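Let me begin by presenting the structure, written as structure tokens, before commenting on it.
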Amino acid sequence: MWWASRWIAAVLGLFILLVAWLAITAPLNKSLQPIVPPQITLLAADGTPIARNGAVVDEPVHVADLPAHVIEPFLAIEDRRFYSHWGVDPRGVARAVFMGVGGGSTITQQLAKFTFLTPEQTLTRKAREALIALWLEAWLTKDEILERYLSNAYFGDNMYGLRAASMHYFYRRPENLRPEQAAMLAGLLQAPSRLAPTQNPELAARRYGLVKNALVAAGYVTQAEADAMRVPVTDVRKTDELPTGTYFADWALPGARELSEIGYSRQTITTTLDSQLQNVARRAVERAPLGAAQVALVAMRPNGEVVAMIGGKDYGESPFNRATQARRQPGSTFKLFVYLAALRNGWSPDDRISNREFTAGSYRPSNHNDRYSDSLTLREAFAQSSNVAAVRLLQEVGSDAVIETARELGVTSPLPEGDPSMALGTSTMTLLELTSAYAGLAANAFPVEPRAFPAEQAGWFDWAWNGQDSLRSGDLGAMEAMLRDAINTGTGRAATLSIANFGKTGTTQDNRDALFVGYAGEGENRLVVGVWIGNDDNSPLNGISGGGLPARIWADFMRGALGASAAPPRPTPTPDPSGPVEPLDVPGPEDIPLGDGRRIVIRNGEAILVETIDGVEVEVGVNSTGDVRIDVDQEAARQRAIESAREQREAARERLLEERARYEEYLDQQAEIVEGPQ
């Protein structure tokens with residue numbers, strides 16, 4: 001008796017530990033949740049659908065509401081003794097092994113497997129599956145187990161649960177399925193993707209025959225009734241096709257999942273994306289002669305709400321988002337933090353800084369084309385993007401002050417202390433992070449968190465405790481004046497607009513990255529936009545600099561977004577007789593924007609008028625002898641002709657689809673008047 005009591009106590013203790021372990025690792029409420037994230041449809045701010053992602057999951061079914069002929073096929077083919085076993089059925093395993101009828105696992109085990117466990121095929125997993133099945137049988141009724149199984153099982157075509165599958169394949173509610181339709185759906189569970197009737201109707205029909213035989217063997221129907229059951233015809237109704245992903249949608253989706261409720265219902269969530277501004281961004285990028293280079297564009301409100309995003313030239317070819325995932329050097333756009341740190345430490349835009357060449361020390365940065373002068377004001381140095389002046393200014397104010405300023409504006413990427421090259425933007429970050437920092441300046445409230453979903457209206461208490469900081473009006477005015485000069489008289493002249501705009505060019509070593517970041521507009525219409533151009537393999541660009549193509553894309557977008565026109569041409573600034581600075585960001589010796597996509601360049605002693613006509617660059621040149629030549633980018637013209645033909649075909653196709661959709665909608669309405677979804 002002493003040993004027996006010890007054994008009983010040990011068994012009871014083990015049982016209590018097992019129950020506790022299952023309660024922690026396999027909570028019953030988990031079987032009430034869908035096994036995959038339900039479908040989410042993302043809308044633009046105006047309600048336009050932009051992307052749909054996730055599985056199609058519908059409301060759970062209830063056994064009490066289902067006819068017997070809907071339940072019986074699932075029991076016959078999957079678990080004939082479901083209502084008599086305790087979760088594990090040795091007889092069912094033997095029948096599956098020796099007769100090839102049914103599966104080796106019970107319905108309870110299958111629920112345990114796809115709800116709680118991974119798909120690995122190991123003895124440990126099978127043992128856990130059996131234990132969890134016994135646990136489910138002890139705490140749930142048979143009907144509750146069957147309901148959770150039918151509501152979560154995968155039926156192919158991205159359909160999870162009997163309700164979603166019955167509506168997808170037969171446009172009927174599961175409560176109204178006919179016997180042959182239910183039998184077809186029961187057959188899909190063995191291999192849903194391979195047996196889906198929309199993909200492999202012949203395989204689905206053969207599997208349907210096995211289900212009918214199982215129904216006869218289980219005594220649910222007679223052989224004559226089974227012979228009378230014909231292969232059901234599917235009724236798949238196409239819905240509006242939306243892309244499963246875009247650059248913006250991929251970035252927004254994790255946040256959308258956090259916002260969505262846990263459950264079976266499909267979710268529709270409105271984002272900050274402005275469909276009109278997104279089209280403006282797309283057209284601005286398509287019009288740019290990028291060649292083989294990649295491009296990224298981010299446009300946001302000063303509060304961080306992203307309204308447009310381009311992550312590359314073609315999402316279909318490369319879904320890698322260069323706006324949010326690529327970490328590249330910001331080049332001279334980083335000088336914003338250097339000069340702002342100086343202003344906050346008592347410097348003035350009219351204070352002078354040495355622009356002489358570095359002749360001592362291990363680090364000797366240089367200006368473009370090795371052009372220097374005795375000194376420049378901070379205003380001039382920033383506008384002309386002098387490298388040696390920026391490095392000296394960082395040394396004057398200290399790298400700690402520059403890093404502190406960048407951190408306060410929201411830069412979280414690593415910034416090495418004491419590294420003088422940091423002044424030239426050698427530390428990598430994403431375009432989204434850099435643009436958000438400029439947004440903090442545009443709003444004079446920082447840091448700014450980029451967001452894909454509308455910000456809640458902040459109350460007084462939230463405003464008082466939001467943790468944001470701001471600049472003194474004098475420092476803000478001085479910094480914006482320098483950003484304005486960088487466009488008016490400096491390296492960003494190609495981005496000049498007829499309205500006040502602020503920005504900075506950036507070009508990294510060997511022209512590996514070219515950027516323009518800035519903002520324009522007033523009040524609620526103010527937009528902060530960053531543009532990046534580069535090659536994915538970090539190879540040098542073919543003559544593209546921050547003051548060239550990125551600035552023109554930026555201006556093109558702003559003109560479309562804000563209705564701003566290009567500013568009238570400005571005279572080229574008179575060079576400093578003591579030695580003009582020719583920074584890396586300057587697009588060329590002469591690159592004069594004329595507005596409306598036109599500009600004048602001087603090339604090999606020839607004045608050339610460059611104009612973009614319908615996305616194709618046309619050059620009209622006059623040499624010193626007065627000869628006139630006209631060059632057209634033949635490849636671009638050919639591509640534009642192909643695009644135009646494709647656009648016309650797509651427009652015609654869309655019109656045809658709209659007419660067909662209206663006709664099908666009319667037919668559906670007439671059918672639903674008669675019977676509705678069955």
Side-chain angles (χ1 to χ4, degrees), residues 328-345 347-349 351-355 358 363 365-368 376-411 413 415-416 419-429 431 433-435 437-438 440-442 471 475-476 478-493 495 502-509 513-519 530-532 545-547 550-551 581-586:
R328 304 292 290 251
Q329 293 182 351
S332 293
T333 60
F334 189 86
K335 292 175 182 175
L336 168 76
F337 309 113
V338 179
Y339 283 77
L340 185 55
L343 294 175
R344 298 173 73 189
N345 281 273
W347 287 68
S348 164
D351 288 340
R352 303 192 72 84
I353 189 81
S354 172
N355 188 46
F358 278 93
Y363 178 63
S366 60
N367 286 336
H368 183 55
L376 295 169
T377 65
L378 295 195
R379 188 191 309 274
E380 293 168 337
F382 186 80
Q384 299 173 10
S385 203
S386 167
N387 289 337
V388 296
V391 172
R392 285 195 171 96
L393 190 59
L394 180 140
Q395 292 173 337
E396 289 285 343
V397 300
S399 65
D400 289 345
V402 174
I403 292 174
E404 180 184 1
T405 299
R407 295 284 184 242
E408 290 182 8
L409 283 168
V411 175
S413 295
L415 299 173
D419 184 357
S421 72
M422 180 174 59
L424 307 185
T426 56
S427 299
T428 61
M429 63 185 66
L431 180 64
E433 182 179 1
L434 179 64
T435 307
Y438 273 72
L441 187 69
L471 296 173
D475 293 341
L476 176 64
M479 193 67 248
E480 287 197 327
M482 288 195 287
L483 287 167
R484 189 83 175 102
D485 286 345
I487 294 179
N488 283 341
T489 62
T491 59
R493 294 193 301 276
F502 312 87
K504 184 70 183 77
T505 59
T507 309
T508 62
Q509 188 173 14
D513 303 272
L515 304 97
F516 190 92
V517 186
Y519 53 94
V531 178
W532 167 89
S545 60
V581 175
E582 293 188 38
L584 193 61
D585 295 331
V586 175

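All values reported here derive from a predicted model rather than from experimental measurement. For the single chain, residues carry numbers from 1 onward in sequence order.
Of the inter-residue distances, the one linking Thr507 atom OG1 with Leu424 atom CG reads 12.0 Å to the nearest 0.5 angstrom. Between the CG atom of Leu340 and the CG atom of Leu483 there is a distance of 9.0 Å, given to the nearest 0.5 Å. With rounding to the nearest 0.5 angstrom, the CG atom of Leu434 is 8.5 Å from the CG atom of Leu336. Atom-to-atom distance recorded for Thr405:OG1 and Glu408:CD is 6.0 Å, nearest 0.5 angstrom. Note: Tyr339 OH to Leu378 CG = 6.5 Å, rounded to the nearest 0.5 Å. Between atom CG of residue Asp419 and atom CD1 of residue Ile403 there is a gap of 9.0 Å, rounded to the nearest 0.5 Å.
Between Glu404 and Arg344, none of the side-chain N atoms (NZ, or NE/NH1/NH2) sits under 4.0 Å from a carboxylate O, so this pair counts as no salt bridge.
A cation-pi arrangement is found for Arg392 relative to Phe358, the charged atom lying closer than 6.0 Å to the ring centre and inside a 45° cone about the ring normal. Judged by the 6.0 Å and 45° rule, Lys504 forms no cation-pi pair with Phe516.
Between Tyr519 and Leu441 the shortest side-chain heavy-atom distance falls below 4.5 Å. Side chains of Val397 and Val402 form a contact here, defined as non-hydrogen atoms less than 4.5 Å apart. Proximity of Asn387 to Lys335: side-chain heavy atoms (C-beta onward) are separated by under 4.5 Å at one or more points. Put simply, the side chain of Leu415 does not reach to within 4.5 Å of the side chain of Phe337, judged on heavy atoms. Contact annotation: the side chain of Trp532 never approaches that of Pro550 to less than 4.5 Å [non-hydrogen atoms, C-beta and beyond]. With contacts defined as side-chain heavy-atom distances shorter than 4.5 Å, the pair Val338/Phe382 does not qualify. In this structure, Leu431 and Arg328 have side chains that are not in contact, with every pair of non-hydrogen atoms separated by 4.5 Å or more. Taking 4.5 Å as the limit, some side-chain heavy atom of Leu394 sits within range of a side-chain heavy atom of Met422.
Scanning all heavy atoms of the two residues, the minimum distance from Thr435 to Val517 falls at CA-CG1, 4.3 Å. Nearest heavy-atom pair across Leu343 and Pro349 is CD2-CD, 4.0 Å. Of all non-hydrogen atoms in Leu376 and Ser386, the two that sit nearest each other are CD1-CB, 4.2 Å. Taking each heavy atom of Pro365 and Val391 in turn, the nearest pair found is CG-CG2, 3.8 Å. Pro330 approaches Thr508 most closely through the heavy-atom pair C-CG2, 4.5 Å. Taking both residues in full, the closest heavy atoms of Ser385 and Ser332 are given as OG-OG, 3.1 Å, listed atom of the first, atom of the second, then distance.
Looking at Gln384 and Thr491, their side chains never bring a donor and an acceptor atom within 3.5 Å of each other.
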Show the numbers, then the answer: is there a side chain to side chain contact (heavy atoms under 4.5 Å, CB included) between Met429 and Gln329? CA-CA 6 Å; Met429 63 185 66; Gln329 293 182 351; over 6 Å; no
side-chain hydrogen bond (donor to acceptor under 3.5 Å, both in side chains) assessment of Ser413 paired with Glu433: CA-CA 9 Å; Ser413 295; Glu433 182 179 1; 2.7 Å; yes
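Formation of a donor-acceptor pair under 3.5 Å by the Asn345 side chain with backbone atoms of Ala341 is found in this model. Remark: side-chain polar atoms of Arg484 are not paired, donor with acceptor, to backbone N or O of Asn488 under 3.5 angstrom.
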